[in-house]
Amino acid sequence: MPDGTSWEPLHRELDRWQAAGRAARFWLRDDDAIEPTPDLETLLALAGESQVPLMLAVIPGLTGEALAARLAEDAGVTVAVHGWSHTNHAGPERKKQELGGERPADVVLGELREGFQRLERLYPARFQPVLVPPWNRIDAALIPALPGLGFAALSVYGRAKGGPMPLLNTHVDIIDWHGTRGGRSEAELVAELVAELSDRFAGSEEPIGILTHHLVHDTAAWDFLSGLFAVTARHPAVRWSPATALLQA
């Protein structure tokens, strides 16, 4: 178990939960899966060893039978729809977005329908009807049409707000996208986790979502994830939950 001082705030917060007889719910989402890779094997091994359920956001337009065959071996993995091809259609001055208003809605929704059906066919035992928009962005005008395509929930980034369909969001992204594009500092991530836990202790019932991107993980990212699992996976005040259970809650 990690014994560095940067983990102490998390230890203390979880012990506070334990003393109160409470348990926080965590869940894990990893984005951009396409095919089996050594990095994916590392992620699957880490999650499996700690018995942490994993939702993989798979890019339908870029994946195929190889990944489906590999994931068929892992009962702890579920699959969500990560847009269609993870293509940016926004203009040069705008934030990247595949599911935006730059194209006709019927074109975007048609791609999502095809992506849903493709992953449902490839992963009959692993598929979850959850849409994970690339870059965590989707035009609000598209959301009311998602249930008609079969989607049961939407998963983006940040605190969940009311809307036309259930949200299963992530809250702590371990990657430093605007700097090193590798793992963020351990102390910074621990502070974010403690803040999220404190918010839940005060009354919020939203599960805490951890967001990873196995294809860009460096040593810092892998070390943090290993440390997080070591601290939390067997702590009495933590419940790592599969997306299936959270969607049914």
Trainee: With the side chain counted from C-beta on, respond yes when I175 and H217 share a heavy-atom pair under 4.5 Å apart, and no when they do not.
Mentor: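 With C-beta onward as the side chain, the pair touches.
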
Trainee: Test your reading of the model: is there a side-chain donor-acceptor pair from R118 to the backbone of T63, 3.5 Å cut-off?
Mentor: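 Flag set: sc R118 to bb T63 pair under 3.5 Å.
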
Trainee: Just how far is it from atom CG of L44 to atom CD of E49, taken to the nearest 0.5 Å?
Mentor: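 Answer rounded to 0.5 Å: 11.0 Å.
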
Trainee: Look only at the side chain of R126 and the backbone of L71, and say whether a donor-acceptor pair between them is shorter than 3.5 Å.
Mentor: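 Pair found, side chain donor or acceptor close to backbone of L71.
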
Trainee: Could you tell me whether the side chain of R137 and the main chain of K96 form a donor-acceptor pair under 3.5 Å?
Mentor: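 Yes, the answer is positive, given that a donor and an acceptor are paired below the 3.5 Å cut-off.
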
Trainee: Just verifying a value: how many Å separate L54 CG and L28 CG, rounded to the nearest 0.5 Å?
Mentor: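 It is 5.0 Å, given to the nearest 0.5 Å.
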
Trainee: For a 4.5 angstrom cut-off between non-hydrogen side-chain atoms, does T219 reach W222?
Mentor: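 A side-chain contact is absent here, since even the closest heavy-atom pair is not under 4.5 Å.
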
Trainee: Does the pair E35/R70 count as a salt bridge with the N-to-O cut at 4.0 Å?
Mentor: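 No salt bridge links E35 with R70.
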
Trainee: Hey, does the side chain of R239 reach the backbone of P236 with a donor-acceptor pair shorter than 3.5 angstrom?
Mentor: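 Present.
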
Trainee: Please name all residues satisfying ring-ring contact (aromatic ring centres under 6.0 Å, His included) with F127, sequence neighbours left out, ordered by chain then number.
Mentor: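 By the ring-ring contact (aromatic ring centres under 6.0 Å, His included) rule, F127 matches F116.
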
Trainee: Nearest 0.5 angstrom please: F26 CZ to H235 NE2, how far?
Mentor: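 One gets 10.0 Å once the value is rounded to the nearest 0.5 Å.
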
Trainee: Do N169 side-chain atoms and G158 backbone N/O form a donor-acceptor pair below 3.5 Å?
Mentor: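 Side chain of N169 to backbone of G158, a donor-acceptor pair under 3.5 Å: yes, one is there.
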
Trainee: With no hydrogens and no angle check, is any side-chain donor or acceptor of R25 less than 3.5 Å from a backbone partner on E205?
Mentor: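 Answer holds: yes.
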
Trainee: Counting N and O atoms only, with roles assigned by atom type, does the side chain of E206 sit under 3.5 Å from a partner on the main chain of A160, one being a donor and the other an acceptor?
Mentor: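 Yes, E206 side chain to A160 backbone: donor-acceptor pair under 3.5 Å.
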
Trainee: Is it true that a side-chain atom of Q128 and a backbone atom of V130 form a donor plus acceptor pair closer than 3.5 Å?
Mentor: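 No; judged by distance alone, with no hydrogens or angles, the pair does not exist.
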
Trainee: Under 4.5 Å between any side-chain heavy atoms of R181 and H213, yes or no?
Mentor: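 R181 does not reach H213 side chain to side chain.
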
Trainee: I'd like to know if E196 and R159 make a salt bridge, using a cut-off of under 4.0 Å between side-chain N and carboxylate O.
Mentor: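 Salt bridge present between E196 and R159.
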
Trainee: Quick check against the 3.5 Å criterion: does S155 have a side-chain atom that pairs as donor or acceptor with the backbone of L168?
Mentor: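 Answer holds: yes.
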
Trainee: State whether the number of non-hydrogen atoms from other residues, nucleotides or ligands found under 6.0 Å of Q18 atom CD is greater than 12.
Mentor: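 Count over threshold, so yes.
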
Trainee: In the structure I gave you, are the side-chain heavy atoms of P133 and E98 within less than 4.5 Å of one another anywhere?
Mentor: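 No. Closest side-chain heavy atoms not under 4.5 Å.
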
Trainee: What pairs with H86 under ring-ring contact (aromatic ring centres under 6.0 Å, His included), at least two apart in sequence or on another chain?
Mentor: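 Expected list: H82, W135.
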
Trainee: From L99 CG over to L131 CG, what is the distance, rounded to the nearest 0.5 angstrom?
Mentor: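 Rounded to the nearest 0.5 Å, the CG-CG separation comes out at 6.0 Å.
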
Trainee: Within a radius of less than 6.0 Å around CD of E73, do more than 12 heavy atoms belonging to other residues, nucleotides or ligands occur?
Mentor: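 Above 12, so yes.
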
Trainee: Drop me the distance from M55's CE to D31's CG, to the nearest 0.5 angstrom.
Mentor: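 Separation between the atoms: 10.5 Å.
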
Trainee: Is it the case that the side chain of D74 and the backbone of V77 share a donor-acceptor pair, with hydrogens and angles ignored and the cut-off at 3.5 Å?
Mentor: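 Pair absent, no side-chain N/O of D74 close to backbone of V77.
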
Trainee: Regarding D173 and W177, is there a side-chain donor-to-acceptor distance under 3.5 Å anywhere?
Mentor: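 Short answer, yes.
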
Trainee: Would Q51 and W240 count as a side-chain hydrogen bond (donor to acceptor under 3.5 Å, both in side chains) here? Give the steps.
Mentor: CA-CA 8 Å; Q51 298 183 1; W240 280 98; over 6 Å; no

Trainee: Using residues 187-195 as the side-chain source, report each donor-acceptor pair under 3.5 Å to any protein atom, sequence neighbours left out, with the distance given to one decimal.
Mentor:
residue	atom	partner	partner atom	Å
E188	OE2	R184	NH2	3.1
E192	OE1	R184	NH1	3.4
E192	OE2	R184	NH1	3.3
E192	OE2	R184	NH2	2.4

Trainee: Measure the spacing between OG1 of T170 and CG of N136 and express it to the nearest 0.5 Å.
Mentor: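 The OG1 atom of T170 sits 5.5 Å away from the CG atom of N136.
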
Trainee: So do L197 and L10 actually touch side chain to side chain, heavy atoms under 4.5 Å?
Mentor: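 Yes - at least one pair of side-chain heavy atoms lies under 4.5 Å apart.
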
Trainee: Return yes if a side-chain donor-acceptor contact under 3.5 Å exists between D30 and H214, otherwise no.
Mentor: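 Side chains of D30 and H214: pair found under 3.5 Å.
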
Trainee: Apply the test side chain to side chain contact (heavy atoms under 4.5 Å, CB included) to residues R29 and T212: give CA-CA distance (whole Å), side-chain angles for both, the deciding distance (0.1 Å), then the verdict.
Mentor: CA-CA 6 Å; R29 192 188 97 200; T212 65; over 6 Å; no

